[in-house]
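Please read the structure below before turning to the comments.
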Amino acid sequence: ERAMVDQFSGHCLCGAVQFHCSAEPMFQANCHCDDCRRSGGGVYASFAFVDVDEFEVSGETHAHQHLSDAGNTITKHFCPSCGSQVYTENTKAPNRLGVRVGLIEDASWFEPKVNVYTSRRLPSTPIDPKIKAFDKMPG
C-alpha cells in the first residue's frame with residue numbers, strides 16, 4: 001500500500017495560480033461525468049478532496065458555477081490566464097474542496113478510492129476493478 005502524503009503543493013499550467021495544502025487529503029476519487037470531462041478536457045477528472053481550512057491559494061482565479069444533477073451548486077475555480085481548472089467547491093460539502101490532481105507537483109501518492117459517474121465513462125476508458133465504482137454520485 002502506498003504511503004499517504006501529509007502536505008502537497010501545485011500550480012496551474014502558466015504558474016500564475018499556486019496552491020499548498022498543509023494536510024493529507026480527506027478523500028481521493030475519479031469522476032467520469034460530462035461536466036468534469038468538459039472542464040478539464042480529459043476523459044475523466046481526478047480529485048484530492050481537502051479541508052478548506054488547510055488549503056491556500058495565491059494568484060487570481062476566476063469561477064464558473066453550475067448545478068449538479070442533485071441540485072447542488074458547483075463552483076469550478078480556474079486560472080484566467082491559462083485556463084487550468086485548479087479546484088472545485090460544492091454546496092453539499094462547504095468545508096471541502098476538490099483539487100485537480102493533475103496540477104499537484106508530485107502526486108505519486110494519489111490512489112483513488114472510487115470512480116463516480118461510471119455510467120458516463122467513455123467505453124475506451126479502463127476502470128480498475130479493485131476500485132469501487134458508482135453509476136452516479138453515491139449518497
Side-chain angles (χ1 to χ4, degrees):
E1 185 162 313
R2 210 172 273 168
M4 275 304 297
V5 64
D6 60 355
Q7 63 178 344
F8 61 87
S9 297
H11 58 84
C12 66
L13 180 62
C14 72
V17 178
Q18 301 193 15
F19 59 85
H20 179 78
C21 183
S22 57
E24 72 179 42
M26 304 157 68
F27 193 69
Q28 302 170 54
N30 293 325
C31 185
H32 299 263
C33 80
D34 296 339
D35 292 334
C36 283
R37 291 204 319 261
R38 285 187 183 103
S39 66
V43 296
Y44 62 91
S46 297
F47 293 97
F49 292 95
V50 302
D51 186 306
V52 67
D53 294 330
E54 306 293 338
F55 190 72
E56 294 179 34
V57 178
S58 63
E60 177 189 7
T61 63
H62 285 192
H64 173 74
Q65 290 188 331
H66 63 93
L67 292 179
S68 72
D69 61 353
N72 302 306
T73 299
I74 307 296
T75 306
K76 291 176 168 40
H77 294 265
F78 58 94
C79 174
S81 178
C82 68
S84 296
Q85 188 199 333
V86 183
Y87 66 97
T88 299
E89 294 176 280
N90 184 336
T91 56
K92 180 181 178 183
N95 295 323
R96 188 175 72 193
L97 303 174
V99 180
R100 284 285 189 138
V101 173
L103 278 64
I104 296 170
E105 286 295 332
D106 177 6
S108 59
W109 48 265
F110 178 71
E111 199 168 304
K113 302 302 181 210
V114 299
N115 279 295
V116 296
Y117 284 98
T118 57
S119 61
R120 303 298 304 150
R121 155 180 96 84
L122 298 181
S124 62
T125 304
I127 298 259
D128 184 339
K130 295 179 292 232
I131 300 173
K132 286 182 188 173
F134 297 93
D135 281 349
K136 294 193 173 188
M137 186 65 72

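On a predicted model such as this, the values are computed, not experimentally measured, just so you know.
- In this structure, the side chain of T75 does not engage the main chain of E89 through any donor-acceptor pair within 3.5 Å.
- Taken to the nearest 0.5 Å, the CG atom of D135 stands 11.5 Å off from the CZ atom of R120.
- Using a 4.5 Å heavy-atom cutoff, the side chains of P25 and F110 are not in contact.
- Atoms NZ and CG, from K136 and D69 in turn, are 6.0 Å apart once rounded to the nearest 0.5 Å.
- Criterion: ILVMFWY side-chain heavy atoms under 4.5 Å apart, direct or through other members. Under it, I74 and M137 are not part of a common hydrophobic cluster.
- Each ring-ring contact (aromatic ring centres under 6.0 Å, His included) pair with one or both residues in residues 23-43, not counting sequence neighbours, appears once here: H32-Y44.
- To the nearest 0.5 Å, atom OG of residue S46 and atom CG of residue N115 are 8.5 Å apart.
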### Task
Dump the intermediate steps for side-chain hydrogen bond (donor to acceptor under 3.5 Å, both in side chains) on R100 and S39, then the final yes or no.
CA-CA 11 Å; R100 284 285 189 138; S39 66; 2.6 Å; yes

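- Taking N72 as the reference, S68, A70, N90, T91, K92 meet the side chain to side chain contact (heavy atoms under 4.5 Å, CB included) condition, with sequence neighbours excluded.
- For N95, there are no side chain to side chain donor-acceptor pair (under 3.5 Å) partners, not counting sequence neighbours.
- Distance CD1/I131 to CD/E111: 7.5 Å, rounded to 0.5 Å.
- Hydrophobic clustering (side-chain heavy atoms under 4.5 Å, transitive across Ile, Leu, Val, Met, Phe, Trp, Tyr) groups V86 together with V52.
- Sorted by first and then second residue, the ring-ring contact (aromatic ring centres under 6.0 Å, His included) pairs with a member in residues 71-92 read F55-Y87, H77-Y87; sequence neighbours excluded.
- The shortest heavy-atom contact between C12 and S84 is CB-CB, 3.7 Å.
- Heavy-atom minimum distance, A107 versus V101: CB-CG1, 3.7 Å.
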Could you list the donor-acceptor pairs under 3.5 angstrom formed between side-chain atoms of residues 15-22 and any protein atom two or more places apart in sequence or on another chain?
from: Q18; atom 1: NE2; to: G15; atom 2: O; distance (Å): 3.3
from: H20; atom 1: ND1; to: F8; atom 2: O; distance (Å): 3.4
from: H20; atom 1: ND1; to: S9; atom 2: OG; distance (Å): 2.6
from: H20; atom 1: NE2; to: Q7; atom 2: OE1; distance (Å): 3.1
from: S22; atom 1: OG; to: E54; atom 2: O; distance (Å): 3.4
from: S22; atom 1: OG; to: E54; atom 2: OE1; distance (Å): 2.7

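- The CZ atom of F47 lies 5.5 Å from the CD atom of Q85; values are rounded to the nearest 0.5 Å.
- With contacts defined as side-chain heavy-atom distances shorter than 4.5 Å, the pair C36/Y117 does not qualify.
- A donor-acceptor pair is defined here as one N or O able to donate and one able to accept, closer than 3.5 Å; no such pair exists between the side chain of T61 and the backbone of C79.
- With sequence neighbours excluded, the residues satisfying side chain to side chain contact (heavy atoms under 4.5 Å, CB included) with E105 are H11.
- H66 approaches D35 most closely through the heavy-atom pair CE1-OD2, 3.2 Å.
- Counting non-hydrogen atoms of neighbouring residues, nucleotides and ligands closer than 6.0 angstrom, the CG atom of L67 exceeds 12 such neighbours.
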